[in-house]
Amino acid sequence: MSRPLTIAAAQMGPVGRAETRAHVVERLLAMLRESAGRGAELVVFPELALTTFFPRWDLPDEELLTFFERDMPSADTKPLFDEAERLGVGFHLGYAELTPDGHRYNTAILVERDGHVAARYRKVHLPGHEEPEAWRPFQHLERKYFEPGPDSFQVHRAFGGLVGLAICNDRRWPETYRVLGLQGVELVCIGYNTPIHYAPDPAQDRLAAFHNNLVMAAGAYQNATWVVGVGKGGVEEGVDALSDSQIIAPSGEVIARCATSDDEVVVAVCDLDLCLAYKRTVFDFDRYRRPEMYTRITSQRGAVEPADTES
Ligand code: CDT
């Protein structure tokens with residue numbers, strides 16, 4: 001049996017601070033149309049796709065709020081929904097959400113081919129810092145600007161399979177994939193904005209692309225799922241961000257990968273039934289996992305202090 005789903009990873013190059021939503025949506029529409037022309041049924045756009053990655057600045061409230069969406073779709077984003085529906089293509093889109101009661105989330109939605117919103121996810125793992133830190137060459141103020149999403153990681157029936165969403169820093173945490181994996185996930189869509197320079201430990205800079213693939217490939221393999229990771233890369237407002245968007249099979253193999261740091265589409269046919277090859281064998285969770293062993297030791301001991309290397 002096979003359940004093929006043709007997926008496009010629609011990577012974005014930089015988005016400028018002054019770039020209008022309307023202009024960004026034009027860029028997204030161009031990639032949506034290209035993807036549809038290449039047979040895609042689902043197009044995955046990055047995290048915070050509609051704006052520049054504004055957490056790099058300490059912003060006054062009036063300017064901060066200009067980067068948030070109060071409605072989805074809005075007048076500016078409706079053309080994307082309309083064109084996707086006309087083409088019969090679904091999409092995944094990340095954006096900053098301001099709710100009617102004033103909550104701010106880093107959000108992603110999954111829109112089905114008929115235009116209905118099949119899933120909405122609000123980022124759980126918020127990286128960076130709560131207050132501006134003058135020593136950094138640029139800020140990472142997600143922890144100031146967003147609340148953690150309250151709804152955890154959930155799978156949704158969409159696109160003929162079980163789909164989960166995660167956002168950027170979530171991809172570094174095994175719990176993200178495992179919580180979805182325990183619900184039988186078959187496809188995880190992940191958007192990211194990853195500065196290559198990591199100020200707290202610049203020794204990690206050269207490993208940015210390695211770690212990006214490492215975590216997503218491990219998450220895919222260990223949970224027998226497809227993973228589509230899509231970045232907004234290139235030099236955006238002076239900050240170099242990771243591109244290297246990729247589509248990863250349940251084997252952990254990358255089957256499509258962007259080659260530029262700009263707007264770029266790569267497409268792959270993803271057979272969702274390939275997940276079963278792993279879910280029914282090496283990662284048959286019901287047969288082989290030992291959850292009682294995992295909770296017993298951690299609830300008894302908690303974290304163990306590292307050995308004193310001085311003695
Ligand atoms: N957007 C996002 O979550 N970026 C982080 C940057 C590193 S932590 C400051 C990431 O995990 O890629």
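Indexing begins at 1, ligand by ligand and atom by atom, following the structure's order. No hydrogens, no waters, no symmetry mates; every other heavy atom, side chains included, goes into these values.
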Nearest protein heavy atom under 4.0 Å from atom 7 (C) of ligand 1, yes or no: no
Location of contacts on H129 toward ligand 1, heavy atoms closer than 4.0 Å: neither
Option of least heavy-atom distance to atom 5 (C) of ligand 1 (set: C168, G191, A199): C168
Those atoms of ligand 1 less than 4.0 Å from some heavy atom in E142: 1 (N), 2 (C), 3 (O)
Ligand-side contact atoms (ligand 1) for residue partner E47, heavy atom cut-off under 4.0 Å: 1 (N)
Closest protein heavy atom (residue, atom, distance) for atom 9 (C) of ligand 1: H140 ND1, 3.5 Å
Salt bridge (charged side-chain N to carboxylate O under 4.0 Å, His left out) evaluation trace for E130 with R143: CA-CA 5 Å; E130 287 79 4; R143 297 179 70 82; 2.6 Å; yes
Under-4.0 Å heavy-atom contact with ligand 1, by part of F53 that carries it: side chain
Close N or O approach (Y198, ligand 1; < 3.5 Å): no
For N169, the ligand 1 atoms whose distance to one of its heavy atoms is below 4.0 Å: 3 (O), 10 (C), 11 (O)
From CA spacing to verdict: side-chain hydrogen bond (donor to acceptor under 3.5 Å, both in side chains), N193, E47: CA-CA 6 Å; N193 281 264; E47 175 193 35; 3.1 Å; yes
Side chain to side chain donor-acceptor pair (under 3.5 Å), paired with Y192, selected from N169, D170, N212: N212
Heavy atoms from other residues, nucleotides or ligands near CZ of R280 exceed 12 (cutoff 6.0 Å): no
Cationic tip of R56 above F53 ring, under 6.0 Å, 45° of axis: no
Candidate with minimal heavy-atom separation from atom 10 (C) of ligand 1, of H125, R136, R172: R172
Derivation and outcome, side-chain hydrogen bond (donor to acceptor under 3.5 Å, both in side chains), residues T194 and R171: CA-CA 11 Å; T194 297; R171 76 195 189 287; 2.9 Å; yes
H125 and F153 aromatic ring geometry - parallel, tilted or perpendicular at 30°/60° bounds: parallel
Atom 3 (O) of ligand 1: nearest protein contact (heavy atom, Å): K123 NZ, 2.8 Å
E83 side chain vs F81 backbone, donor-acceptor pair below 3.5 Å: no
Numbered atoms of ligand 1 (with element) below 4.0 Å of N193, judged on heavy atoms: 1 (N), 2 (C), 4 (N)
Element-labelled atoms of ligand 1 that are located less than 4.0 Å from some non-hydrogen atom of P127: 2 (C), 3 (O), 5 (C), 8 (S)
For atom 12 (O) of ligand 1, the protein heavy atom that lies nearest, with its residue and separation: T194 OG1, 2.7 Å
Non-hydrogen side-chain atoms of R178 and F285 separated by less than 4.5 Å: yes
